[in-house]
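Report on the following structure.
Chain identifiers are assigned alphabetically (A, B, ...) following the order of the sequence lines, protein sequences preceding nucleic acid strands; residue numbering begins at 1 within each chain.
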Amino acid sequence: MNINANYLAVVFNSTIRMMTPILFVGLGSALCNRVFIFNIGLEGTMLTGAFAAIVANYYTGSIFISLLAAMISAMIVSWIAGIFMVKFKGAMLVVGVSINMLISGLTTFLMQIIFGVKGAYVSTDLVPLHKTDVSMLKQWPILQTMFGSLTYLDFFAFILAIILYFFLFRTVTGFRMRSVGINKIAAQSLGINADRLQIGTVAFSGLLSGIGGCLLTMGGVTMFAQNITAGRGYIAMAAATLGAAHPLGVVAGSAFFGFAQSMANMLQNSSISSQLTMALPYLATILALAIYNFSQIRRHAQ
Amino acid sequence: MRNQSNDVILRMENIVKCYGNLIANDNVSLHLNRGEILAVIGENGAGKTTLMKVLYGLEHPDNGDIYLNEKKIQIHNAAQAIANGIGMVQQHFMLFDPFTVTENIVYGKEPKKGLFFDLKSANQTISELSRKFDLPLNPTAKIQGMPVGLRQRVEILKVLYQNADIIVFDEPTAVLTPQEVHELLNTMKRLAEAGKSIIIVTHKLNEVMEVADRAMVMRLGKHVADRNIADTSIEELSFLMVGRHLIETEIPKIAPGKDILRINNLCLTREGSVPVLDHISIHVDAGEIVGIAGVSGNGQSDLVQCIFGLQKADSGQILVNGKDVFNRTVKEVRNSGMAMIPEDRFIWGSAAQASVAETAIMGHYEKPSFSRKGFLNVRTIREFAGKLIKEFSVKADSIAQKTSSLSGGNAQKLIVAREIRQNTPILMACEPTRGIDIGAIQFVHDRLVEKRSEGAAVLLVSSELSEILKLSDRIYVIYEGKINGEFKRGNVSEEELGLLMVGSKKL
Ligand SMILES: Nc1ncnc2c1ncn2[C@@H]1O[C@H](COP(=O)(O)OP(=O)(O)O)[C@@H](O)[C@H]1O
Ligand SMILES: [Mg+2]
């Protein structure tokens with residue numbers, strides 16, 4: 001019984017750690033969906049953040065500057081993508097895929113130049129994100145396991161979801177953002193600078209994906225590997241879709257994928273072939289999206 | 001009586017606006033007096049909407065000036081127009097369906113409380129505004145599912161909330177029911193009495209006569225005449241608009257042939273139980289126009305969609321020349337010999353982004369003359385489209401132009417041309433003249449009568465009673481999904497039809 005509870009606590013803890021990077025990016029994706037932008041470039045901007053965080057950390061040894069670098073660099077890349085998508089009316093898919101390929105190649109290349117390694121860079125000199133102190137939970141070992149070894153950013157992800165909920169549904173700016181997604185032409189005819197709002201949203205989603213990337217490289221193990229995001233940007237988009245672009249829905253969507261990922265990690269130690277376990281989060285994505293879309297189609301048909 | 005002064009509130013001088021090599025506004029000048037209702041009239045494509053877009057900052061003129069209270073102003077965008085007290089109720093409503101009435105009205109000028117959108121005080125303001133101008137609306141209702149008349153009321157309140165002194169209505173009555181039109185015209189008069197200056201863009205001359213003080217006539221991009229309503233007549237205005245006298249459609253007498261389209265006991269229910277079509281049995285013979293009269297929403301649209309394969313009915317028979325096409329696909333139905341002018345030209349009839357040539361063959365591109373083995377025969381298509389726009393006088397720059405840039409009447413003519421030129425034995429025409437001007441209406445009517453003379457069976461669905469009465473050899477009245485009366489030409493009056501349409505039983 002006790003072992004069982006402990007096991008669940010471990011799964012819970014690992015789910016949280018797996019889900020928060022996805023949650024940051026998913027929230028960005030949800031905002032983009034709200035302004036009717038399909039921002040597939042989030043995979044690339046997340047990778048930008050992950051890489052910038054490692055590089056800044058390597059040179060300054062400051063986790064704060066590391067986070068800042070991740071946010072700013074990812075935001076700039078995303079902002080440029082936004083300009084291409086909105087101002088120059090580039091096909092969103094093409095712009096997004098271009099960004100992703102460009103960043104994937106560029107980070108691999110720069111990794112060799114800066115760190116002189118191929119594949120992965122790991123170093124004990126790097127300063128990771130601060131862990132929250134859970135010693136006050138001493139009397140409850142289960143709770144300690146559940147919330148142990150989490151960073152401040154992990155907690156902030158949930159707070160941010162709530163903030164964004166209020167932002168979207170209670171503030172004027174959020175109201176206008178949603179309106180642009182519903183009917184851009186109407187918004188423009190009412191004197192709203194819809195282009196600027198869309199580009200701004202894409203840039204901000206980039207900033208969030210940068211935080212997600214930083215959390216990925218500086219959260220648990222401090223390391224950067226080639227294409228370390230491994231499709232988490234795409235999974236985050238799926239989480240945003242499943243969560244109906246509602247910040248709290250995105251939390252649920254991310255939890256689902258975080259759980260799939262943590263299951264995959266645990267099953268790695270079992271006798272099941274690792275190729276199969278590694279595919280688990282992606283299979284879960286496809287399955288979840290298929291079920292979601294199917295139910296949407298059914299609802300529309302009625 | 002309104003106290004309209006001769007105090008000029010707005011002047012537009014020598015406005016020129018070109019789209020490519022088409023001159024949409026050719027040195028047009030307009031003036032508007034305070035408290036006046038000015039009607040801007042003209043055929044489709046005359047440039048009325050363009051002129052209003054220039055005024056509202058949605059288009060930038062190539063030349064010309066705008067003066068407000070005799071002071072020159074610059075209007076680069078809608079926000080500046082609004083700031084200058086100019087409001088516009090556009091031809092296509094600018095609303096957000098999932099939002100509430102209040103949210104739509106206060107948009108762009110939302111009251112705040114600290115960091116947050118103060119919806120509570122917004123709702124209150126809108127309730128007061130709606131009471132003040134006697135335009136009843138529920139502030140917290142969603143736009144989704146609202147009838148057109150109410151949506152328009154939201155648009156009007158929006159303009160009033162923005163504190164507009166000058167209010168432009170672009171084709172406001174095109175989509176309204178007769179009662180809604182009546183209410184709207186009264187609203188306009190009330191607003192003018194309250195000191196607002198109003199421009200109404202329209203081509204419905206009886207409305208102009210009822211509501212306007214003055215009419216400004218446009219033709220082919222030019223301002224051709226100005227008339228005080230007190231000194232003019234419908235006949236004169238219509239002559240000025242089209243540049244020629246209209247000749248009444250002549251309907252030759254012909255004996256109907258055998259029934260080509262026959263529908264037996266067609267039934268459709270929604271959500272399992274609500275009857276939408278209740279044992280509908282009708283027939284249309286060769287050389288006959290059969291009209292379906294009804295208040296919209298009584299099953300006409302569903303009937304047509306079931307016949308055409310766009311919706312699956314529950315039971316019944318749809319016989320085309322004796323062959324049953326019940327619940328077949330649209331393609332099979334078309335191939336059996338049916339063509340359709342759909343009720344909404346942009347939702348069903350065309351794709352906004354498609355070129356004129358593409359629209360001209362839409363739904364027929366698989367015919368052997370247009371394509372072979374999956375490849376389009378571009379030359380034939382171009383020739384066909386070119387011929388269509390010439391024959392049906394569709395005003396278009398070229399056949400490569402986007403369908404969405406055609407004016408409504410021209411887009412409609414193109415669709416009518418496409419469906420008639422398929423030379424099918426059956427034609428269904430749904431609201432074929434909705435929102436188009438008298439010149440174009442006349443044209444479409446003539447083509448329908450021509451089709452009938454060729455021996456085709458024409459089923460006409462229209463909420464315009466005058467149209468039904470003028471064209472139909474036989475009329476069915478539809479009410480709540482049931483046929484509530486059938487008449488031969490000349491055997492029923494408009495009043496009788498009107499009563500049957502709202503459910504009264506035949507005596
Ligand atoms: N965005 C556009 N691009 C090209 N041509 C246009 C555009 N908008 C309108 N036009 C053309 O300008 C002419 C005037 O159109 P419009 O002002 O809408 O006429 P009206 O409102 O009087 O029916 C039409 O021939 C129309 O096809
Ligand atoms: Mg117009």
Side-chain angles (χ1 to χ4, degrees), chain A residues 30-31 33-37 86-87 89-93 159-160 162-201 204 243-247 249 296-302, chain B residues 52-53 56-59 75-84 86-100 102-120 122 142-144 151 154-155 158-159 161-162 168 170 270-272 311-312 352 404:
Chain A
L31 293 180
N33 289 355
R34 287 283 177 186
V35 294
F36 208 70
I37 296 270
V86 178
K87 265 251 139 55
K89 303 199 162 50
M92 296 180 192
L93 222 62
I159 296 169
L160 182 68
I162 294 167
I163 294 175
L164 285 181
Y165 164 73
F166 279 102
F167 169 75
L168 263 182
F169 295 102
R170 294 278 188 278
T171 70
V172 170
T173 316
F175 171 65
R176 292 184 181 176
M177 265 175 68
R178 288 186 289 131
S179 78
V180 168
I182 293 166
N183 189 344
K184 185 175 174 182
I185 295 174
Q188 276 167 326
S189 88
L190 290 162
I192 301 297
N193 191 337
D195 282 2
R196 202 166 65 192
L197 209 56
Q198 282 181 314
I199 295 173
T201 305
F204 184 68
H246 189 293
Q296 288 286 306
I297 291 167
R298 284 265 307 260
R299 229 179 55 191
H300 264 273
Q302 286 192 349
Chain B
M52 293 306 122
K53 282 185 173 167
Y56 196 57
L58 298 177
E59 294 285 4
I75 302 176
H76 296 298
N77 53 44
Q80 281 172 358
I82 293 168
N84 277 304
I86 300 170
M88 175 139 144
V89 176
Q90 296 193 46
Q91 200 168 355
H92 303 283
F93 296 157
M94 292 296 168
L95 294 172
F96 305 98
D97 281 9
F99 290 171
T100 65
T102 294
E103 286 172 327
N104 271 282
I105 295 174
V106 302
Y107 192 92
K109 219 169 119 185
E110 303 87 345
K112 285 187 208 179
K113 192 160 158 193
L115 280 175
F116 295 116
F117 183 168
D118 190 357
L119 252 181
K120 213 167 129 198
K142 290 226 161 66
I143 301 294
Q144 217 140 33
R151 283 170 192 248
V154 176
E155 287 283 9
K158 188 153 81 184
V159 170
Y161 176 78
Q162 290 160 347
V168 179
D170 193 357
R270 190 159 292 148
E271 277 139 21
Q311 247 193 82
K312 298 267 176 268
S404 60

Is it the case that more than 12 heavy atoms not belonging to [X] sit under 6.0 Å from its [atom1] atom?
X       : atom1 : result
K312(B) : NZ    : yes
F169(A) : CZ    : yes
F167(A) : CZ    : yes
I185(A) : CD1   : no

Output the distance between atom OG (S179(A)) and atom CG (L95(B)), rounded to the nearest 0.5 Å. 12.0 Å

Roughly how far, to the nearest 0.5 Å, is CG of L115(B) from CZ of R170(A)? 13.5 Å

Tell me, do F96(B) and R178(A) make a side-chain contact under 4.5 Å, heavy atoms counted? no

Y107(B) and F175(A) aromatic centres sub-6.0 Å: yes

If I measure from the heavy atoms of chain A, does [X] come under 4.5 Å with its side chain, its backbone, both, or neither?
X       : answer
Q162(B) : side chain
L119(B) : neither
K109(B) : backbone

Short side-chain to backbone donor-acceptor contact, R176(A) and G108(B), under 3.5 Å: yes

Counting N and O atoms only, with roles assigned by atom type, does the side chain of N183(A) sit under 3.5 Å from a partner on the main chain of M94(B), one being a donor and the other an acceptor? no

Listed by residue number, which members of residues 190-199 of chain A have a heavy atom under 4.5 Å from any heavy atom of chain B? L190(A), G191(A), I192(A)

